[in-house]
Amino acid sequence: MVASLIESSSLFQQDLPRLERRPWVEVTYQNALREGIAEPVARVIARRNVAGSSVHSFLNATLQQLTPESMLADIDIAAQRLATAIITQECIGIETDYDMDGIGAHATFVRALVDFWRHPKDRVLSFIGHRLIDGYGLSDAVADRIAASPATLVVTADNGSSDEPRIARLKAAGIDVIVTDHHHFNAAPDSAYAFINPQRPDCTYPDKAVAGGMVLWLLLRATERVLKDAGHLSRETPSLELLLDYVACSTVADCVSLASINNRAVVRAGLDAMNRMTRHCWEQFSRLLRCDEFSADSIAYGIAPRINARTRLSDPFAALHLLMANEHRRARDVAELLHAENEARKVIESQMIAEAVSEAAHLVQLGRRSICLLLPDGHSGVQGICSSRLVERFGRPTFLFSPSIGAADLVTGSARSGDRFHVQQALTEIHARAPGLIVKFGGHKAAAGATVRREDFERFARLFEDLACKQLTEEQVGPVVHSDGELAEEELTLDSVHALRVLEPTGRGFEPARFDGEFKVSNIRAIGDETHLSMDLTRGRVMLRGVWFRARQSPRAAMPITNGETARFVYSLVENEYRRRRSLELRVEARCAL
């Protein structure tokens, strides 16, 4: 029944997305040309947020450009406390969430303490909540396990800012808690021994876009100096820079801005380390992804989904074991397990989107500027990615809820949004308007989560829609695709692909190059699972192969385009290799109005 609703709904026959060209900054364009950056790269850079006056320095950010960690509030007392615990061999716990950002931070911490600083392995305890059983972050269940452990110090990574009740309990039990995080928060965790978060109003650290995994790494850097001053480390102690592969994965997976010099620097350094294949986990991911060289896209669309699939659907420790595997066979076995889990996740995701899509389409037809749904059979492990899919399709902030496991009276949800709606601030305002309505919440501008009582869901949905109506006009909702403009026929070459590589790493905040143009379409054929399309695209005297992933929802859906049509596409340039022959391919992102 659901499938038939999808095929007959207007979702995949809706109006084409609106095309928006990214804003142009003339001074950036001139600076790029002056520094010898070629066309069309300079035109792309002119439509990006580039910090500082030197384009070359920005694109090639190095670790020497990192903002000093000493500017982080509480960093000194936290480093001193952690160093003391290491020197006196206290039992130290590390608590993170279950996604790639948290798992990467977890591996960073354990490697630093055990492998680099020789802290006894049995005196480093790992605490990771099970998403479906414990919930997100430093939950009551996780706090119970910490309180029952021999740990005297616990460091959080990528969470903890909104967990004062649990931290107060741990403090009362004689356990010091150092919070390292980057999320927005309402009230500081006053019971924490130290609270390191660039979002603190009293924090002078200027870069508010650094990821949670990097905040933890910065604490380790500060701790390293204390340990060196105390004579605890030798000259042979490995550099913490050797852990930047983990930090890079955390940073990209956390969807923070790559327009940040700090984020660019650690991601560049981390990718260099990954591509040296010095860990078994990267060898396995290279095999599974069939890539010889990792990029930020490899992390975002290849590594992170496989880590997240396992940690969101079942035991999160398998993902940690893969990142830290010291033996080839062990790494291969766990990698295969994570790959299988990712395939299962895709099935669950497809089913959940099928359930949500007709309801979402109905809300859009009613004129709603947000989508807020409670899916009785939804899976909390894939809420975020399903919300993202609906944002792409409908261009509205989206919140998908499903029942909480083990708490029949509660529902948990994950939200995603575009650039014009700050979803975490919306939750803060709902909390201020209706204290007690939200049991727990947290997140970022574009991604957040919340738990509410089932009986309060409709009220929550009304308040969320009210805020969407106040912040978004009718013209600001609906699907949008962004472009860096058109390319001339002579620029549709492999040379352009190679030139554009200087933009890497790209991602949120510093998006990959996307262009728009009109092409005549021919030789359309379904490929893969038949939801993807291959086609020949002709413009003037140039004919190229185009591939349009997820062009239709299912193999039974109508074709979104026919042979002989002229269409305007937003696309990226890709180098394709087949039987040792390299050719240019257009990767179609969307079709938009002519």
Side-chain angles (χ1 to χ4, degrees), residues 20-25 27-29 31-32 41-62 65-67 99-101 104 158 181-184 197-199 205-215 244 247-271 295-301 304 384 388 391-392 395 397 415-425 443-448 480-484 500-515 570 572 589:
E20 289 187 1
R21 299 253 175 94
R22 293 188 177 97
W24 177 274
V25 180
V27 66
T28 303
Y29 175 67
N31 286 342
V41 183
R43 300 202 307 268
V44 174
I45 293 172
R47 298 182 186 273
R48 295 292 181 280
N49 179 17
V50 177
S53 57
S54 172
V55 174
H56 183 270
S57 178
F58 171 83
L59 292 177
N60 298 282
T62 67
Q65 294 171 259
L66 292 181
T67 302
D99 284 348
M100 176 72 251
D101 44 2
D158 202 41
D181 197 3
H182 71 135
H183 290 94
H184 294 277
N197 186 334
Q199 305 297 337
Y205 192 85
D207 190 349
K208 309 303 180 183
V210 291
M214 184 176 174
V215 176
L244 286 176
V247 180
C249 285
S250 291
T251 299
V252 173
D254 220 358
C255 294
V256 292
S257 175
L258 288 180
S260 153
I261 286 287
N262 291 288
N263 290 338
R264 291 190 68 80
V266 298
V267 171
R268 279 171 51 83
L271 285 170
S295 65
D297 273 2
S298 305
I299 298 173
Y301 302 112
S388 294
V391 171
E392 292 171 7
R416 297 294 184 268
S417 180
D419 294 337
R420 293 188 172 98
F421 188 84
H422 197 306
V423 68
Q424 193 275 342
Q425 287 183 0
H444 308 282
K445 177 180 180 180
V480 176
V481 289
H482 294 93
S483 165
D484 295 307
L500 289 166
R501 286 176 181 165
V502 302
L503 299 173
E504 293 293 338
T506 57
R508 183 180 293 275
F510 195 76
E511 290 77 10
R514 298 286 185 267
F515 306 99
V570 172
S572 58
E589 305 293 331

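The figures that follow rest on heavy atoms only: side chains count, while hydrogens, waters and symmetry mates do not. It should be emphasised that the depicted structure is a prediction, and the values quoted were computed from it without experimental measurement.
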Donor-acceptor contacts, no H, no angles, side chain residues 500-507, under 3.5 Å, sequence neighbours left out:
{"residue": "Arg501", "atom": "NH2", "partner": "Glu575", "partner atom": "OE1", "Å": "2.6"}
{"residue": "Glu504", "atom": "OE1", "partner": "Thr506", "partner atom": "N", "Å": "3.3"}

Tightest non-hydrogen contact, residues Leu258 and Phe58, listed as O-CZ, 4.1 Å

Looking at every heavy atom in both Ala248 and Gly270, which two are closest together, and how far apart are they? CB-CA, 3.7 Å

What distance do Cys249 atom SG and Leu244 atom CG have between them, rounded to the nearest 0.5 Å? 11.0 Å

Which heavy-atom pair separates Ser388 from Arg416 by the least distance, and what is that distance? OG-CG, 3.3 Å

Could you walk me through whether Asn262 and Thr67 pass side chain to side chain donor-acceptor pair (under 3.5 Å), step by step? CA-CA 7 Å; Asn262 291 288; Thr67 302; 3.1 Å; yes

Over all heavy atoms of both residues, which pair between Val391 and Gly418 is shortest? Give the atoms and the distance, please. CG1-N, 4.4 Å

Going by distance alone, is a donor N or O of one side chain under 3.5 Å from an acceptor N or O of the other, for Ser260 and Asp207? yes

Electrostatic pair Arg22:Asp484 at N-O distance under 4.0 angstrom: yes

What heavy-atom pair brings Ala448 and Val423 nearest, and what distance separates the two atoms? CB-CG1, 3.7 Å

Contact check, side chains of Asp158 and His183, non-hydrogen atoms, under 4.5 Å: yes

Under 3.5 Å, side chain of Lys445 to main-chain N/O of Asp419, donor-acceptor pair present? yes

How long is the gap from SG on Cys255 to CG on Asp101, to the nearest 0.5 Å? 8.5 Å

Are the aromatic rings of His444 and His422 close, with centres under 6.0 Å apart? no

Gap separating the CZ atom of Arg508 from the CG atom of Asp254, nearest 0.5 angstrom: 10.0 Å

Assess whether side-chain contact (heavy atoms from CB on, under 4.5 Å) is satisfied between Leu59 and Phe510, documenting all intermediate values. CA-CA 10 Å; Leu59 292 177; Phe510 195 76; 3.9 Å; yes

Taking the inter-plane angle between the rings of Trp24 and Tyr29 on a 0 to 90° scale, is it parallel (under 30°), tilted (30 to 60°) or perpendicular (over 60°)? tilted

Could you tell me whether Arg420 and Glu20 make a salt bridge, using a distance below 4.0 angstrom between a side-chain N and a carboxylate O? yes

Side-chain (His182) to main-chain (Val210) donor-acceptor, under 3.5 angstrom: yes

Euclidean distance, Asn31 CG relative to Ser54 OG, rounded to 0.5 Å: 8.0 Å

Distance col, row Glu511:CD vs His482:NE2, nearest 0.5 angstrom, shows 8.0 Å

Interatomic spacing from CZ in Phe515 to OG in Ser483 - rounded to 0.5 Å: 7.5 Å

Sub-3.5 Å donor-acceptor pair from the side chain of Lys208 to the main-chain atoms of Pro198, do we have one? yes

Taking all atoms of both residues into account, what is the closest heavy-atom pair of Ser417 and Pro397, and its distance? OG-CB, 3.9 Å

Heavy-atom donor-acceptor pair, Arg47 side chain to Val25 backbone, under 3.5 Å: no

Using modelled atom types only, decide if a donor and an acceptor are shared between the side chain of Arg268 and the backbone of Asn263 within a distance under 3.5 Å. no

With the side chain counted from C-beta on, respond yes when Val252 and Asp297 share a heavy-atom pair under 4.5 Å apart, and no when they do not. no

Derivation and outcome, side-chain contact (heavy atoms from CB on, under 4.5 Å), residues Met214 and Leu66: CA-CA 11 Å; Met214 184 176 174; Leu66 292 181; 3.8 Å; yes

